[in-house]
Every structure is written in structure tokens, then in C-alpha cells.
Amino acid sequence: FYAILHDISHQQDIQGHLIRAHDEAQERDQQKLEFLAKISHEMRTPLNAILGFTEIMKDERLGKIDNARYKDYITDVHKSSEFLLSLVNDILSFAKAESGNLKLQPEDVTLDEIILSVMQLLTLTAQKEQITLHIDIDDNLPHIVADERSIRQILLNLISNAINYSEKGDEVFVSAKLNATGSVVVEIRDTGLGMSDADLEMALAPFQSADSEKKKRKSNRKHQSTGLGLPLAKSLTEANKADFAITSALKEGTCVTLTFPSTLVLLV
């Protein structure tokens with residue numbers, strides 16, 4: 001009989017150190033998300049107050065404002081507050097989704113009505129930018145089981161992104177189809193400049209924006225990016241038990257696909 005003995009104490013020490021480091025990193029990430037959620041929640045109350053008061057002043061409900069420059073300032077404050085509130089809401093939703101604390105209310109959702117309402121909301125923006133919107137929804141598209149508020153937020157973020165990162169003469173296509181496997185597939189595709197693989201990876205990271213030619217060309221435009229549009233849409237889609245996929249190529253555009261599996265589809 002032969003016996004070969006090895007002292008593995010050193011390897012066990014290394015493994016234990018790696019496990020502890022991993023656990024500590026996860027704990028720090030969780031603390032960061034909780035901090036972001038708390039701060040975001042606290043900021044919403046004063047921001048809503050600012051929006052309410054500036055709305056009153058902007059509409060001159062309590063009296064006429066004679067100085068045109070003051071009126072311009074009030075409008076700028078109102079628009080900036082709206083953007084800041086949207087950022088705060090995105091941060092709060094993202095933090096909840098990433099920490100697993102997002103409370104969804106799955107229900108019978110009429111997907112085609114949500115798509116139409118979001119498209120109607122963004123039509124004026126697209127017209128101002130001279131971007132053509134196309135919509136293609138299956139007749140009698142089945143309902144899905146999902147959280148209606150988050151589905152609306154997903155679509156608003158994705159279609160807004162498609163418009164925001166397109167230029168004059170570009171097109172945005174939104175479709176919703178029932179495929180052969182019984183899944184409902186929603187596709188948002190644009191003909192903008194698109195992103196490289198490196199840009200796409202950065203765009204999917206929270207609080208990052210793709211550092212592409214498109215971004216440089218639009219740096220002086222009125223549109224602002226929170227850097228959370230795609231990551232938040234992805235997190236909310238996955239929280240609804242659906243699949244999120246995105247492809248993009250420079251000078252060819254970007255395509256985002258949301259797939260709601262047959263287990264979430266309500267067939268009549």
C-alpha cells in the first residue's frame with residue numbers, strides 16, 4: 001500500500017479569503033443600493049414641490065409676470081426639475097430591482113394599449129426631431145401577465161432612447177407579435193448610428209453612456225441621458241420574468257427585443 005499526503009492548508013486559506021472577499025463585496029453593493037434608494041426617496045418630496053410651484057408660476061396662475069427673462073428662468077427650472085425627478089425615479093426603481101426589493105403586481109396587462117399610449121406620448125417629440133415612428137401590432141394580440149407600471153416604464157425608456165439617439169430622417173419601428181412558440185415578442189428598432197460592442201457594453205452598465213460618435217454629435221442637444229435607460233429596462237424586464245436582448249451596430253442602428261414566454265401569455 002502507498003499513501004501520498006499533501007498539506008492543503010495554504011489552498012484552503014486562499015479559498016477562504018476569496019469567499020470572504022466575495023461576500024464583503026456583495027454586502028457593500030447591497031449597502032450602496034440601499035443608500036441610493038433611501039436618498040432617491042427623500043429627494044422626491046422637495047422635487048415635487050419645486051415642480052408644483054414652478055408650474056403655477058410658469059402658467060401665471062397667481063398673476064402676470066412682466067419680465068420675459070424671469071419667465072424663461074422659471075421654464076428652465078421646471079424642465080430641469082422634471083429631468084432630475086425622472087433621474088431620481090430611475091435610480092429608485094433600479095436600486096429596488098437590483099436588490100430584489102422591487103414590489104411588482106402581476107396582473108392581466110393589455111400590452112397593445114400600453115404600446116399605443118406610449119407611442120402617442122412620444123409622437124410630438126419624434127415629429128420635432130423629424131424622426132418617423134412605425135408601429136406594427138398583431139390583431140388580437142393576447143394579454144400578458146406582468147406589472148403594468150413597470151412595463152410602461154420599460155417601453156417609455158426604450159422608445160425614448162431610440163428617438164433620442166436617432167437623427168433627422170431616421171426611423172423607429174415598434175412591433176408586438178405572437179410567435180410560433182406562443183411567446184409575445186416586442187421589438188424596438190431604430191435606424192440610428194448604433195453602437196459598437198464596447199459602446200453597448202458600457203451602455204448596459206448603470207450610470208454609463210456610450211461614448212460613441214453619436215454621443216459626440218448630439219452633445220449640444222437638449223436631450224439628456226441619465227445613463228440608466230437600458231440597465232433599468234433590462235432589470236425591470238427580467239423582474240417580470242421576461243427575456244431582454246439587444247443588438248447594435250455602428251451606422252446600422254439598435255434593436256431591443258423583449259420576449260414574454262408562453263407561461264406569461266393569456267390566450268383566449
Side-chain angles (χ1 to χ4, degrees), residues 79-80 82-83 86-87 89-90 94 111-138 141 150-177 179 184-237 242-260:
K79 287 182 178 179
S80 297
E82 283 183 329
F83 170 72
S86 71
L87 173 59
N89 287 333
D90 282 354
F94 180 78
L111 188 57
D112 53 350
E113 291 182 1
I114 295 178
I115 295 173
L116 289 171
S117 67
V118 171
M119 293 288 277
Q120 184 176 8
L121 185 65
L122 296 173
T123 295
L124 184 59
T125 302
Q127 289 176 345
K128 287 181 179 178
E129 302 297 334
Q130 299 185 42
I131 295 165
T132 305
L133 298 180
H134 301 276
I135 186 167
D136 183 14
I137 299 177
D138 274 352
L141 183 73
S150 61
I151 295 300
R152 190 179 301 276
Q153 188 171 5
I154 291 166
L155 293 171
L156 186 59
N157 282 7
L158 293 177
I159 300 173
S160 294
N161 265 5
I163 295 172
N164 196 29
Y165 291 95
S166 294
E167 292 188 329
K168 178 180 177 180
D170 285 336
E171 298 175 286
V172 174
F173 300 85
V174 180
S175 65
K177 304 284 184 180
N179 68 13
V184 169
V185 179
V186 179
E187 185 179 273
I188 298 96
R189 180 172 60 87
D190 65 72
T191 60
L193 291 180
M195 296 175 281
S196 66
D197 291 341
D199 288 336
L200 183 55
E201 183 177 355
M202 185 177 294
L204 287 170
F207 309 107
Q208 300 289 327
S209 296
D211 186 19
S212 61
E213 178 186 355
K214 180 61 178 176
K215 179 183 174 183
K216 295 172 185 175
R217 290 174 63 181
K218 299 194 74 164
S219 59
N220 296 323
R221 288 187 52 177
K222 61 181 180 180
H223 299 291
Q224 303 180 71
S225 172
T226 64
L228 275 176
L230 283 177
L232 179 57
K234 184 175 185 294
S235 293
L236 291 178
T237 301
D243 295 324
F244 180 98
I246 179 170
T247 58
S248 189
L250 286 173
K251 299 182 180 180
E252 294 181 13
T254 301
C255 180
V256 178
T257 304
L258 312 176
T259 304
F260 298 89

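Sequential numbering from 1 along the given sequence is applied to the chain's residues. Atoms considered below: every heavy atom in the structure, side chains included; atoms not considered: hydrogens, waters and symmetry mates.
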Worksheet item: Got a second to check how far L258's CG is from K234's NZ, nearest 0.5 Å?
Response: 12.0 Å

Discussion item. Pairing donors with acceptors under 3.5 angstrom, does anything connect the side chains of S196 and D199?
Written reply: yes

Worksheet entry | Partner residues of F244 under the ring pair (Phe, Tyr, Trp, His ring centres under 6.0 Å) criterion, sequence neighbours left out | none

Worksheet entry | Set of residues satisfying salt bridge (charged side-chain N to carboxylate O under 4.0 Å, His left out) with respect to D197, sequence neighbours excluded | none

Worksheet item: Can you tell me how far OG1 of T125 sits from CD1 of I163, rounded to the nearest 0.5 angstrom?
Response: 6.0 Å

Discussion item. Going by side-chain hydrogen bond (donor to acceptor under 3.5 Å, both in side chains), name the residues that satisfy it together with T237, two or more places apart in sequence or in a different chain.
Written reply: none

Item to complete: Could you tell me whether the side chain of I115 reaches within less than 4.5 Å of the side chain of I135, counting heavy atoms only?
Response: yes

Practice prompt. Measure the CG-OG1 distance between L193 and T254 for me, rounded to the nearest 0.5 Å.
Written response: 9.5 Å

Worksheet item: Got a sec, which residues hit side-chain contact (heavy atoms from CB on, under 4.5 Å) with T123, two or more places apart in sequence or on another chain?
Response: Q127, L133

Worksheet entry | Results of side-chain hydrogen bond (donor to acceptor under 3.5 Å, both in side chains) for Q153 - residues two or more places apart only | D90, R149

Discussion item. How long is the straight-line distance from CE of M202 back to CE of M195, given to the nearest 0.5 Å?
Written reply: 11.5 Å

Practice prompt. Report yes if the side chains of E171 and H134 come closer than 4.5 Å at any heavy-atom pair, otherwise no.
Written response: yes

Worksheet item: Who passes side-chain contact (heavy atoms from CB on, under 4.5 Å) against S235, sequence neighbours left out?
Response: F94, A97, E98

Worksheet item: With a 4.5 Å limit on heavy-atom distance, are the side chains of D170 and Y165 in contact?
Response: no

Worksheet, complete the sentence: Applying salt bridge (charged side-chain N to carboxylate O under 4.0 Å, His left out) to D138 and not counting sequence neighbours gives K177

Item to complete: Report the C-alpha separation of V174 and M119 in whole Å, then their side-chain angles, then the decisive distance to 0.1 Å, and conclude whether the side chain to side chain contact (heavy atoms under 4.5 Å, CB included) test is met.
Response: CA-CA 9 Å; V174 180; M119 293 288 277; 3.7 Å; yes

Item to complete: Mind checking side-chain hydrogen bond (donor to acceptor under 3.5 Å, both in side chains) for S150 and listing every partner two or more places apart, or none if nothing turns up?
Response: D147, N240

Response to the item:
Minimal heavy-atom distance between G253 and S248, with the atoms involved, is O-OG, 3.2 Å

Discussion item. Between T191 and F173, is the side chain to side chain contact (heavy atoms under 4.5 Å, CB included) condition met? List the steps.
Written reply: CA-CA 9 Å; T191 60; F173 300 85; 4.0 Å; yes

Response to the item:
Scanning both residues in full, the closest heavy-atom pair of I154 with A233 reads CG1-O, 4.0 Å

Worksheet item: Side-chain contact, heavy-atom cut-off 4.5 Å: I246 with T257?
Response: no

Discussion item. My understanding is that only residues two or more places apart in sequence, or in another chain, count here; which of them pass side-chain hydrogen bond (donor to acceptor under 3.5 Å, both in side chains) with E252?
Written reply: none

Discussion item. Checking V118 now: which residues fulfil side-chain contact (heavy atoms from CB on, under 4.5 Å) with it, not counting sequence neighbours?
Written reply: I114, L122, R152, L155, L156, I159

Discussion item. What's the separation between atom CG in N161 and atom CG in D190, rounded to the nearest 0.5 Å?
Written reply: 9.0 Å

Discussion item. Nearest 0.5 angstrom please: N179 CG to T259 OG1, how far?
Written reply: 7.5 Å

Worksheet item: Hey, are the side chains of V172 and S166 touching, using non-hydrogen atoms and a 4.5 Å cut-off?
Response: yes

